[in-house]
Amino acid sequence: MEQRNHSSLNEFVLLGFPSVGHVRGWLFGLLLLAYLFTICGNALIFLVIRLDRALHKPMYHFVSVLSFLELWYTATTIPKMLSNLLSEKKTISFAGCLLQTYFFHSLGASECYLLTAMAYDRYLAICRPLHYPAIMTTALCAKMAAGCWTCGFLCPISEVILVSQLPFCDYNEIEHIFCDFPPLLSLACKDTSTNVLVDFAVNAFIILLTFLFIMISYGRIIGAVLKIRTAAGRKKAFSTCASHLIVVLIFFGSIIFMYVRLKKSYSLTLDRTLAVVYSVLTPLANPIIYSLRNKELLKAIKRTIFRKEGKASPTHH
């Protein structure tokens with residue numbers, strides 16, 4: 001097979017959902033609705049938390065940062081998925097593919113760190129309530145959020161550099177719904193065991209370390225909550241953590257199986273299914289989980305909406 005290096009391979013073909021056939025239009029409609037709901041839901045939560053002074057607390061600060069992150073996280077992949085469902089030409093440039101992979105992993109890593117920071121916040125609030133206001137200050141919240149973004153954007157650099165130096169063959173069809181490291185490595189014309197090892201090391205460090213820290217935090221939280229004598233007290237303490245724990249389990253459950261492995265792929269169908277879970281369903285579920293399970297946030301959303309409606313409606317005397 002004739003070999004080309006990356007300078008002569010100008011574009012890839014994203015196969016996306018190759019077997020959808022006649023339901024392509026329905027899939028486009030569902031994906032578009034999911035994307036619009038994700039944008040509106042996360043934007044609403046972000047704006048409500050920023051505008052409502054009653055929500056200017058550390059827990060909601062992190063929720064607003066997560067909602068803001070989800071807006072960019074979905075923007076890296078879903079618009080291209082939508083255009084590919086409508087277009088016959090499903091190409092993406094080599095540079096565009098690397099950029100999509102970089103930003104998707106950067107934002108994904110940032111989310112791992114942010115969910116860890118949120119678990120630490122809940123640990124302090126429940127296990128060290130007397131010291132919580134003094135420790136979790138506004139300045140610390142801002143520094144933690146900035147640290148999550150910075151570390152997240154630094155993490156995939158080595159992987160992207162290694163992939164950019166690989167020689168690629170004539171076959172340029174990516175059997176995935178967006179550009180990602182595993183499908184890119186499968187197109188390379190040389191042994192990619194070093195890349196697979198580096199990917200595994202980076203992903204295992206980020207994903208497993210943050211997930212372990214979150215589980216340790218929740219282990220201590222559960223231990224502290226069980227010591228509360230009243231059932232009402234236990235319920236109140238658990239209710240502040242339930243939303244976050246659900247998001248953690250959905251997000252980490254899919255990415256651990258997808259990225260912490262030494263094989264390039266288990267199954268193309270399974271990879272695509274998992275990709276839909278962590279790239280579409282998790283950002284879609286976040287606003288639903290946080291708003292429906294959090295009475296204070298739900299009340300703030302209603303206050304904000306009705307306040308705007310009240311201002312928009314003219315008063316008659």
Side-chain angles (χ1 to χ4, degrees), residues 34 38 41-42 45-46 49 57-74 104-128 132 136 141 144-145 147-149 151-152 155 202-226 234-261 273-298:
T38 301
N42 283 295
I45 287 176
F46 175 77
I49 291 172
K57 303 172 185 177
M59 180 177 77
Y60 294 111
H61 167 77
F62 289 122
V63 170
S64 72
V65 174
L66 178 65
S67 293
F68 182 72
L69 186 150
E70 296 290 27
L71 293 173
W72 297 104
Y73 181 69
T74 51
F104 184 71
H105 278 263
S106 296
L107 292 162
S110 299
E111 183 160 345
C112 289
Y113 291 125
L114 186 59
L115 290 171
T116 308
M118 293 169 78
Y120 179 65
D121 170 69
R122 291 298 83 210
Y123 160 74
L124 286 178
I126 292 171
C127 298
R128 300 183 66 185
Y132 178 69
M136 195 56 72
C141 286
M144 287 175 71
C148 292
W149 284 83
C151 291
C155 286
V202 171
N203 292 330
F205 177 78
I206 298 167
I207 298 169
L208 295 183
L209 195 65
T210 53
F211 186 65
L212 179 64
F213 190 93
I214 292 169
M215 289 299 102
I216 291 171
S217 298
Y218 272 99
R220 294 189 174 185
I221 287 169
I222 290 168
V225 169
L226 291 176
R234 286 195 297 271
K235 186 179 178 181
K236 184 180 179 181
F238 269 127
S239 67
T240 63
C241 304
S243 302
H244 179 249
L245 192 56
I246 291 168
V247 171
V248 165
L249 293 175
I250 295 171
F251 182 69
F252 278 93
S254 56
I255 64 171
I256 286 174
F257 198 79
M258 181 70 185
Y259 293 110
V260 186
R261 64 191 189 191
T273 304
L274 288 172
V276 168
V277 172
Y278 60 76
S279 68
V280 180
L281 296 184
T282 304
L284 173 68
N286 281 357
I288 300 170
I289 293 167
Y290 279 111
S291 60
L292 292 181
R293 294 194 61 86
N294 191 304
K295 291 179 181 178
E296 192 175 9
L297 182 55
L298 196 58

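We're numbering straight along the sequence, starting at 1. Heavy-atom basis, side chains included; hydrogens, waters and symmetry copies ignored.
Looking only at side-chain heavy atoms (C-beta outward), Thr38 and Val280 stay at 4.5 Å or farther from each other. The side-chain heavy atoms of Met215 and Val248, taken from C-beta on, include a pair separated by under 4.5 Å.
To the nearest 0.5 Å, the span separating CD1 on Ile45 from OG on Ser67 amounts to 4.5 Å. If you take CG on Leu71 and CG on Asn42, they are separated by 5.0 Å, rounding to the nearest 0.5 Å. A distance of 14.0 Å separates OH in Tyr60 from CG in Leu66, rounded to the nearest 0.5 Å. Here the CZ atom belonging to Phe251 is positioned 10.0 Å from the CD1 atom belonging to Ile256, to the nearest 0.5 angstrom. Atom CG in Asp121 sits 12.5 Å away from atom OG1 in Thr116 (nearest 0.5 Å). From Cys112, atom SG reaches atom CD1 of Ile206 across 7.0 Å, with rounding to the nearest 0.5 Å.
Here the closest non-hydrogen pair linking Tyr132 and Pro58 is OH-CB, 3.3 Å. Considering every non-hydrogen atom in both Leu284 and Ala34, the closest pair reads CD1-O, 3.6 Å. The two residues Ile207 and Thr210 come nearest to each other via the heavy atoms O-OG1, 3.0 Å. Residues Pro283 and Tyr73 approach most closely at CG-CD2, 3.8 Å, considering heavy atoms.
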For this session: Start with the C-alpha gap between Leu115 and Val247, add the side-chain angles, then the distance that decides, and say whether side chain to side chain contact (heavy atoms under 4.5 Å, CB included) holds.
Result: CA-CA 9 Å; Leu115 290 171; Val247 171; 4.0 Å; yes
For this session: Decide side chain to side chain contact (heavy atoms under 4.5 Å, CB included) for Glu296 and Lys57; before the verdict, give the C-alpha distance in whole Å, the side-chain angles of both, and the deciding distance to 0.1 Å.
Result: CA-CA 12 Å; Glu296 192 175 9; Lys57 303 172 185 177; 2.8 Å; yes
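Using modelled atom types, one finds a donor on one side chain and an acceptor on the other under 3.5 Å when comparing Glu70 with Asn286.
For Arg220, the side-chain contact (heavy atoms from CB on, under 4.5 Å) partners at least two apart in sequence or on another chain are Tyr123, Cys127, Ile216. Evaluation of the side-chain contact (heavy atoms from CB on, under 4.5 Å) rule for Leu249 yields Leu245 as partners, not counting sequence neighbours. Partners of Cys151 according to the side-chain contact (heavy atoms from CB on, under 4.5 Å) rule, which considers only residues two or more places apart in sequence or in another chain, are Tyr113.
If you run ring-ring contact (aromatic ring centres under 6.0 Å, His included) between Phe252 and each of Tyr259, Phe257, Phe211, only Phe211 comes through.
Here His244 and Phe62 keep their ring centres 6.0 angstrom or further from each other.
Taking the six-membered ring where tryptophan is involved, the planes of Phe68 and Trp149 are tilted, since the angle between them lies from 30° to 60°.
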